Undergrad: 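Before I ask anything, here is the structure I am working with.
Please read these numbers as outputs of a predicted model, since none were measured by experiment. Per chain, numbering begins at 1; letters A, B, ... match sequence-line order.
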2 protein chains.
Amino acid sequence: MRSYGQYCAAARALDLIGDRWTLLIVRELLLRGPSRYTDLREGLPGIATNLLADRLRELEDLGLVAREDAPPPIAATLLRLTPRGEELRPVITALGQWGIPLMADPPRGDEFRAYWLALPVALYLSDSAPEKPPVAIEVRTGAEPVVIETADGAVRTRAGAADDPDAVLTGAPELIAAVLTGSLALKEAVAKGLKLEGDRAALRRLLPA
Amino acid sequence: MRSYGQYCAAARALDLIGDRWTLLIVRELLLRGPSRYTDLREGLPGIATNLLADRLRELEDLGLVAREDAPPPIAATLLRLTPRGEELRPVITALGQWGIPLMADPPRGDEFRAYWLALPVALYLSDSAPEKPPVAIEVRTGAEPVVIETADGAVRTRAGAADDPDAVLTGAPELIAAVLTGSLALKEAVAKGLKLEGDRAALRRLLPA
DNA sequence: CCGGATCCGGGTTGATACTG
DNA sequence: CAGTATCAACCCGGATCCGG
């Protein structure tokens, strides 16, 4: 954690969270909430385990991450963001928004985790008919499914399958991403191989205009 | 520029601009506009000249920075952000906002350039009386003065001295920063050594409530 | 003076193996 | 599960030098 030695807010921020991997660790904690060490490592493919341990210790020292013991049935310690750590959300959001155009070219062997879609979902989706009954859409594109659902006007994602989804979306990550960010029309995505089962209107209700 | 190899917008953004110094180079170009190589280096104390050259070449290859020949009288090439590069402003802004609390502790030998104040100014100052005649406030805290002035409702900064400033603010960078961000009352700052000459109301008109 | 290129020492990162 | 240990490769920072 070498300092830039500049009395500038952005430079001082980068002093703390500008190291390689640090912001991606914050992304994981923002998207997944309190996590075990091993789960973090699973969500950060490519990181060396010693680096993850180092970074977590630094983040703890800085007061951005806290360690806590999980409730009794589970024997594990959880890592969670402190309130000050949560305040990094706008940074991740700004980075993600700037990076959206980069998602147009396909993964080329990049790793992918379905819950990462929570980032574009939060940025681009909104419930255009909050007065109607809530909807749930299951997305199958990574190893594990993700559910996009509405809850009193807001749109959220969570890991896992839906009990009784209004629609199920299956296909390549770049097709899903393009549809969710509005850069590709649903019809064209289907023509390119995206599979949409169930109630198409439920999905349209959430998509950007 | 090693890739994280993750199909995630934030990770891909960091693939491009996550290297050390890269975002600070963007900060310089955002705050100063088109600049010569040597001026960039002056605004990035601590950077090794080869690193600056490397980063600029990368940014050029990525289409975030463009090189242009300065108009005839001057014999120099200028570096400027492309539109896509300008789109990084929200990233710098988010970082700067998160970093503001870190400015509370004094510089401790950190380098400082007065025009860096443009960042907090844009975030925190606004003209509460745009119908009145414009005001100009000169700030003397670094090697070179900076002017904060209003122009049709907006608050801007520019390098240099003011012809006929409504007020002049002189003092340590951390006092100036604390006042501009509203974390320290003007009266208390003056008690701590800040010097305010001229029309106090002109400054109050711009400060956060 | 401007705009770099080159070289070198040391620190950081990354891959793998290993451990309580 | 949650790391530590080790080591090679790479990147960074500082100094120096060089062509317009």
Side-chain angles (χ1 to χ4, degrees), chain A residues 1-6 11 14-25 28-29 32-62 65-80 109-111, chain B residues 1-6 11 14-25 28-29 32 34-61 65-80 109-111:
Chain A
M1 207 177 353
R2 174 190 229 81
S3 169
Y4 286 106
Q6 300 183 0
L14 288 172
D15 282 347
L16 305 192
I17 48 76
D19 276 345
R20 198 166 162 72
W21 289 107
T22 301
L23 275 177
L24 291 187
I25 293 172
E28 284 300 303
L29 291 170
R32 303 178 51 140
S35 310
R36 293 179 302 178
Y37 181 91
T38 310
D39 293 332
L40 281 181
R41 195 173 48 186
E42 215 288 315
L44 293 165
I47 199 174
T49 172
N50 58 342
L51 265 191
L52 178 54
D54 284 355
R55 292 288 184 273
L56 286 172
R57 212 174 302 122
E58 288 172 8
L59 288 170
E60 213 183 336
D61 292 345
L62 292 170
V65 161
R67 235 169 261 266
E68 70 181 33
D69 291 331
I74 313 148
T77 60
L78 294 181
L79 297 147
R80 67 155 67 237
D110 280 10
E111 297 273 354
Chain B
M1 210 177 350
R2 172 189 295 274
S3 169
Y4 287 106
Q6 300 184 359
L14 288 172
D15 283 346
L16 305 193
I17 48 79
D19 276 345
R20 196 165 163 72
W21 289 106
T22 301
L23 275 178
L24 291 188
I25 294 172
E28 284 299 303
L29 291 170
R32 303 176 52 139
S35 310
R36 292 181 303 177
Y37 181 90
T38 310
D39 293 332
L40 282 180
R41 194 173 47 186
E42 214 289 315
L44 294 164
I47 198 173
T49 171
N50 58 342
L51 264 191
L52 178 55
D54 284 354
R55 293 289 183 273
L56 286 172
R57 212 175 304 121
E58 289 173 7
L59 288 170
E60 213 183 334
D61 291 346
V65 160
R67 235 169 259 267
E68 71 181 32
D69 291 331
I74 314 147
T77 59
L78 294 181
L79 296 147
R80 69 154 67 237
D110 280 9
E111 297 273 353

Undergrad: Quick one: closest heavy-atom pair of L16(B) and T22(B), and the distance?
TA: O-CG2, 4.3 Å

Undergrad: Provide, to the nearest angstrom, the distance between the CG atom belonging to L78(A) and the C1' atom belonging to dA2(D).
TA: 13 Å

Undergrad: Do nucleotides 11-20 of chain D as a string where each nucleotide becomes B, S or -: B if the base has a protein heavy atom under 4.0 Å, S if just the sugar-phosphate does, - if no protein is that close.
TA: -SBB------

Undergrad: Report yes if a side-chain nitrogen or oxygen of R57(A) is closer than 4.0 Å to either non-bridging phosphate oxygen (OP1 or OP2) of dT4(D); otherwise report no.
TA: yes

Undergrad: Between C1' on dT13(C) and CD on E58(A), what's the gap in Å once rounded to a whole number?
TA: 12 Å

Undergrad: When you look at Y37(B) and T49(B), which way does the side chain to side chain donor-acceptor pair (under 3.5 Å) test go after all the steps?
TA: CA-CA 10 Å; Y37(B) 181 90; T49(B) 171; 2.8 Å; yes

Undergrad: Could you state the CG-C1' distance from L44(A) to dA15(C), rounded to the nearest angstrom?
TA: 16 Å

Undergrad: Going by ring-ring contact (aromatic ring centres under 6.0 Å, His included), name the residues that satisfy it together with Y4(B), two or more places apart in sequence or in a different chain.
TA: W21(A)

Undergrad: When you measure from the side chain of R32(A) to the backbone N and O of L40(A), does any donor-acceptor pair fall under 3.5 Å?
TA: no

Undergrad: Expressed in angstrom and rounded to an integer, what is the separation of L52(A) atom CG from dA2(D) atom P?
TA: 11 Å

Undergrad: Figure out the CZ/C1' separation between R41(B) and dC2(C), and round it to whole Å.
TA: 8 Å

Undergrad: Can you see which heavy atom on S3(B) is nearest to which on D15(B), and at what distance?
TA: OG-OD2, 2.9 Å

Undergrad: Atom CG of D39(A) and atom P of dA2(D): how far apart are they, to the nearest Å?
TA: 7 Å

Undergrad: Using every non-hydrogen atom in the two residues, find where E28(B) and G43(B) come nearest and quote the distance to one decimal.
TA: OE2-O, 3.1 Å

